[in-house]
A.B. asks: 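Next up is a structure, given as C-alpha cells.
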Amino acid sequence: MKYYSTNRQSPPANLEDAVMKGLAGDRGLYMPERIPALDNAVIRSLKDKSFHEIADTVAQAFFGEDMEPDALTAIVQDALSFDTPVVQVHDGIYSLELFHGPTLAFKDVGARFMARMLGYFIRKKGIDREVNVLVATSGDTGSAVANGFLGIPHIRVFVLYPKGKVSPIQECQFTTLGQNITALEIHGTFDDCQALVKAAFADDDLNRRLQLTSANSINVVRFLPQSFYYFHAFAQLDRMGRAGNLTVCVPSGNFGNLTAGLFAQRMGLPVRHFIAANNRNDVFLEYLQTGIYTPRPSVATLANAMDVGNPSNFARILDLYGHDHAVVTQQVSGCRYTDEQIAATVYEVWRTHRYLLDPHGACGYQALTDRRLKPGETGLFLETAHPAKFKETVDRITGVPVEIPHKLQVFMQGKKQSVPLGKDFEGFKNFLSTVV
Ligand SMILES: *Cc1c(COP(=O)(O)O)cnc(C)c1O
C-alpha cells in the first residue's frame, strides 16, 4: 500500500517511510491510497471474536501486504496486552472505557502499536542510526508514548511538555522512566511545545543529521490502530442486539481518535453518525456551522487533552470527504461544552448514577444526552480517560476523593527527572544536537 500526502506535493511513500517520517515532506499528513473494505459477513462475525482477533482482522486489512502477517499479529497482540475494554450502559447511554492500558489512556494502543511497528522496520532495515521520536504533550500523549516506547532498542524519545500545565500524575508518567525517555519541561504553553516539534521537522539541517519522527496522531500507525476500538465496540453492541442504529460520540482534541472511527466506517463498519465532542476549543464546530476553518491558539479547560486550537487530523477528515463541507456535516456533527457544563455533567452523572466521568468523557456523555436519542437509536461515547488522572478536578466537583488505581500509584513513587528548556527553537535545537 502506498500513502499519499494530504498536500499532494510530496511523492507517495510506502508504509515504512510513512512510519519513519511521520509527516510528509510537504507538511501534509499521510493517507492510505486505498481504504480496504471488510465484507458484511466479516463484520457480522465480529460478535463471535475476541478483541485481539478483531484487531488482527483490521490490522491485516491495512498493513498485511507490507509486512509478514505473523509479525503483524504479534505486534497487535503485544499492543493490546491488557484488560479488554467492555461496553457499559448508564441510563440508556452506552460507553466504552478506553483506559485499561498501562498509562490508563486510550492512546496506549496507538503508542504501543507504533513503537513496535517502528522497531520492526528498524530491525528489517538494519539500523545505522538511532531514530528520535519527538512528541509534544498536554499530558496524556506523553505518558502513553513514553511508556509505549520504553526500552525499545535504537529509539530515543523526547517528550516536550508545558511547565506547570500537566497534572502531577501525568507528569510522573513520563518524567520518572529514564532509559531511552527524556522529558523536556518547556517554559511555555502546549502550543509552544507543538511549535518546537514542528520547527524541528521543518529544519533541514537537523533532519540531515538526525532521523526524526513524530508519535503524535499525525503518524499513520499511531491513529489507525484506534479503529480497533470501534470494531470492538460494535461487536459488543451487536451481541446485545443494539448495533442497528448507532451514533458514536468521540471527545476530540487533535481528532486522531475520531478519524480512526471515520476510517472504520469507510471500511464498512455500520456506524450511522458521529459526534465530535469538544470543550471551548471549538474550531471544528465552527467549521461545521460555517464551512470556514479558522485555527486559533488553544484555551485552557478542565478537559486539557482536548485543548487544541488547530487539530492536526482535520486535514485527514477533509481529504476523506473530498473537502466537501456538505458531506462532512452529514457524517459528523459537533458540540462544545464550557468548564461549567463539564463540571455540571460530572456532578450530575455521579449523583444520579454513581458513575464517575472524567472531564473528557463528560463532554461525550453530555453530547449524547443533548442529542435526545430516538427509540431504537444507540448512543455510544468513548470514555477516554480514567477520572483519577484528573483527580484534583473531579474531587473538587464531587467532593469525594477518587481512588488512584495501583497502576498510577506505581508511577508516583518514581523520581522526577526532566530538562528545563525555553520555548525558543535555537535552544531546543542546540539541546538535541548535543545529546543525540
Ligand atoms: C488525547 C485525548 C483526547 C483527544 O483525542 P484526539 O485523538 O487528539 O482527538 C481526548 N481525551 C483524552 C483523555 C485524551 O487523552
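Both counts, for ligands and for their atoms, begin at 1 and track the order of listing.
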A.B. asks: Does a side-chain heavy-atom distance below 4.5 Å link Val394 with Pro359?
C.D. replies: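 Val394 reaches Pro359 side chain to side chain.
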A.B. asks: Can you check whether Gly309's main-chain N or O pairs, donor with acceptor, with Ser298's side chain at less than 3.5 Å?
C.D. replies: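 A pair under 3.5 Å: no.
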A.B. asks: Would you check ligand 1 and list the protein residues that come within less than 4.0 Å of it by any heavy atom, ordered by chain and number?
C.D. replies: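 Within the 4.0 Å shell of ligand 1, which is judged on heavy atoms, sit Phe106, Lys107, Asp140, Pro251, Ser252, Gly253, Asn254, Phe255, Gly256, Asn257, Ala305, Met306, His360, Thr384, Ala385.
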A.B. asks: Would you say that more than 12 heavy atoms from the other residues, nucleotides or ligands in this model lie under 6.0 Å from the NZ of Lys407, or not?
C.D. replies: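 Enclosed.
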A.B. asks: Are there over 12 heavy-atom neighbours, none belonging to His187, within less than 6.0 Å of that residue's NE2?
C.D. replies: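 Open: at most 12 neighbouring heavy atoms sit under 6.0 Å from NE2 of His187.
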A.B. asks: How are the rings of Phe390 and His360 set to each other: parallel, tilted or perpendicular (split at 30° and 60°)?
C.D. replies: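 Aromatic pair Phe390/His360 classed tilted.
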A.B. asks: Does some side-chain heavy atom of Asp395 sit less than 4.5 Å from a side-chain heavy atom of Ile397?
C.D. replies: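 They are not in side-chain contact.
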